[in-house]
**Student:** 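First, the structure itself, so that you have it in front of you.
Just so it is clear, the structure is predicted and the values come from calculations on it, not from any experiment. Letters A, B, ... are given to chains in the order of the sequence lines, protein chains preceding strands, and every chain is numbered from 1.
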Protein chains: 2
Amino acid sequence: MEEQDIIRALGALAHDIRLRVFRALVVAGPEGLTPGRLGEALAVAPTTLSFHLKELCNAGLLLQARSGRNLIYRADYARMGALMAYLTENCCAGEPCAATPPACTNC
Amino acid sequence: MEEQDIIRALGALAHDIRLRVFRALVVAGPEGLTPGRLGEALAVAPTTLSFHLKELCNAGLLLQARSGRNLIYRADYARMGALMAYLTENCCAGEPCAATPPACTNC
DNA sequence: TCCATACTTCAATTATTGTTGAAGTGTTGG
DNA sequence: CCAACACTTCAACAATAATTGAAGTATGGA
């Protein structure tokens with residue numbers, strides 16, 4: 001992931017609606033959610049929501065698919081993981097991720 | 001860290017100059033750097049740099065101190081750690097931080 | 001005290017982002 | 001094929017962020 005991608009991803013998450021959308025999709029898991037459900041859950045107007053979903057897609061954080069007359073958005077976990085990896089490596093003084101509460105399940 | 005703080009921090013890092021500044025300060029360690037050195041290293045005009053340093057301070061990611069006629073900026077590692085913790089917990093499906101290469105040094 | 005140094009703040013301008021309602025695209029059931 | 005549905009795109013506007021040069025503040029040395 002290039003620096004430019006990192007900046008796009010961070011910028012995409014740096015907005016209240018988009019952060020909530022992304023969180024909702026992370027919680028929703030691999031099945032994802034439709035804009036309809038998202039708009040309902042978060043009380044965001046369709047046009048506004050569509051704009052922000054597009055932003056998140058452009059940043060590479062979301063995947064889009066069609067299912068009938070609905071679109072389905074899903075969080076791109078790999079991408080989010082890559083973002084975390086970059087931040088851990090470059091912005092945390094090389095320390096292991098400060099947030100490892102379920103530490104070392106394989107030990 | 002409240003959602004609003006998370007958004008501020010993400011927004012602060014979502015800019016090429018600011019991301020480089022923060023990275024430089026992380027690398028510099030606890031001793032930090034002066035705006036003079038930063039501007040020199042990153043080739044940024046003093047006014048512009050000052051603006052971005054202020055943004056990073058306002059976002060809580062940087063600490064400022066005076067030493068003689070120089071100001072010294074340092075990365076706030078704790079704050080960055082809190083940001084990482086939030087993202088791991090809320091945006092990574094509860095999986096442990098995707099980036100744990102030096103894993104489990106205490107095992 | 002006065003000057004030079006090291007930055008910051010201010011003010012004006014430009015560029016980018018965010019929001020909204022209206023119009024458009026693709027899809028399904030009748 | 002057509003009407004209703006689920007969304008997106010467009011266009012216009014409002015709000016916010018970024019850049020620049022000029023002026024201001026704080027510090028240390030002559």
Side-chain angles (χ1 to χ4, degrees), chain A residues 3-25 28 31-76, chain B residues 3-25 28 31-76:
Chain A
E3 183 181 298
Q4 209 52 43
D5 299 319
I6 299 296
I7 290 168
R8 278 175 163 280
L10 290 172
L13 291 175
H15 186 280
D16 59 343
I17 291 178
R18 290 195 297 261
L19 185 58
R20 278 178 207 153
V21 165
F22 189 76
R23 290 216 294 155
L25 290 174
E31 292 169 22
L33 287 173
T34 64
R37 285 199 175 283
L38 275 167
E40 199 176 285
L42 304 176
V44 178
T47 308
T48 302
L49 181 58
S50 189
F51 170 81
H52 290 302
L53 285 169
K54 192 178 170 189
E55 290 289 297
L56 286 162
C57 277
N58 287 341
L61 289 168
L62 256 43
L63 299 169
Q64 190 194 51
R66 183 172 278 276
S67 167
R69 71 178 72 177
N70 296 300
L71 286 173
I72 293 182
Y73 287 92
R74 279 175 286 121
D76 187 336
Chain B
E3 183 181 296
Q4 209 52 43
D5 298 320
I6 299 295
I7 290 168
R8 277 175 165 280
L10 290 171
L13 292 174
H15 186 280
D16 59 342
I17 291 177
R18 289 195 298 259
L19 185 58
R20 278 179 206 153
V21 165
F22 190 75
R23 291 217 293 156
L25 289 173
E31 290 170 22
L33 287 172
T34 64
R37 286 198 174 284
L38 275 167
E40 199 175 285
L42 304 176
V44 178
T47 307
T48 301
L49 181 58
S50 189
F51 171 80
H52 290 301
L53 284 169
K54 193 179 169 188
E55 290 289 297
L56 285 163
C57 277
N58 288 341
L61 289 167
L62 255 46
L63 299 169
Q64 190 193 50
R66 184 171 277 278
S67 167
R69 69 177 74 177
N70 296 300
L71 286 173
I72 295 182
Y73 287 92
R74 281 174 285 121
D76 187 336

**Student:** From CG of B:L38 over to P of C:dA6, roughly how many Å is that when rounded to an integer?
**Tutor:** 14 Å
**Student:** Could you tell me the separation between the CG atom of A:L33 and the P atom of D:dC7, rounded to a whole number of Å?
**Tutor:** 11 Å
**Student:** Starting at atom CD of B:E40, determine the distance to atom P of C:dA6, rounded to an integer number of angstrom.
**Tutor:** 10 Å
**Student:** Can you measure B:Y73 atom OH to C:dA6 atom P for me and round it to whole angstrom units?
**Tutor:** 15 Å
**Student:** If a protein heavy atom is under 4.0 Å from the base, mark B; if only from the sugar-phosphate, S; if neither, -; do that for nucleotides 24-30 of chain D going 5' to 3'.
**Tutor:** ---BB--
**Student:** Drop me the distance from B:L33's CG to B:I72's CD1, to the nearest 0.5 angstrom.
**Tutor:** 9.0 Å
**Student:** For residues 41-61 of chain B, which residue pairs pass the side-chain hydrogen bond (donor to acceptor under 3.5 Å, both in side chains) check, not counting sequence neighbours?
**Tutor:** B:R18-B:H52
**Student:** With sequence neighbours excluded, tell me which residues meet side-chain hydrogen bond (donor to acceptor under 3.5 Å, both in side chains) with A:E40.
**Tutor:** none
**Student:** Please name all residues satisfying side-chain hydrogen bond (donor to acceptor under 3.5 Å, both in side chains) with B:R23, sequence neighbours left out, ordered by chain then number.
**Tutor:** A:Y86, A:N90
**Student:** Tell me the interatomic distance from A:L56, atom CG, to D:dT8, atom P, rounded to whole angstroms.
**Tutor:** 12 Å
**Student:** Does the protein touch nucleotides 10-22 of chain D at the base, only the backbone, or not at all? Give it as B, S and - per nucleotide, heavy atoms under 4.0 Å.
**Tutor:** B-------BBBBB
**Student:** In Å and rounded to the nearest 0.5 Å, what is the CG to CG distance from A:L13 to A:L56?
**Tutor:** 6.5 Å
**Student:** Using whole Å, report how far CD1 of B:I7 lies from P of C:dG18.
**Tutor:** 11 Å
**Student:** What integer distance in Å separates B:L62:CG from C:dC7:C1'?
**Tutor:** 15 Å
**Student:** Counting C-beta onward and ignoring hydrogens, is there a side-chain heavy-atom pair between B:L38 and B:L53 closer than 4.5 Å?
**Tutor:** yes
**Student:** Please list all pairs meeting side-chain hydrogen bond (donor to acceptor under 3.5 Å, both in side chains) that have one or both residues in residues 59-68 of chain A, counting only residues at least two apart or in different chains.
**Tutor:** A:Q64-A:Y73
**Student:** Any side-chain heavy atom of A:D16 within less than 4.5 Å of one from B:E3?
**Tutor:** yes
**Student:** Can you tell me how far C1' of C:dT28 sits from CG of A:L71, to the nearest Å?
**Tutor:** 14 Å
**Student:** For D:dA6, does OP1 or OP2 lie under 4.0 Å from any side-chain N or O of A:T34?
**Tutor:** no
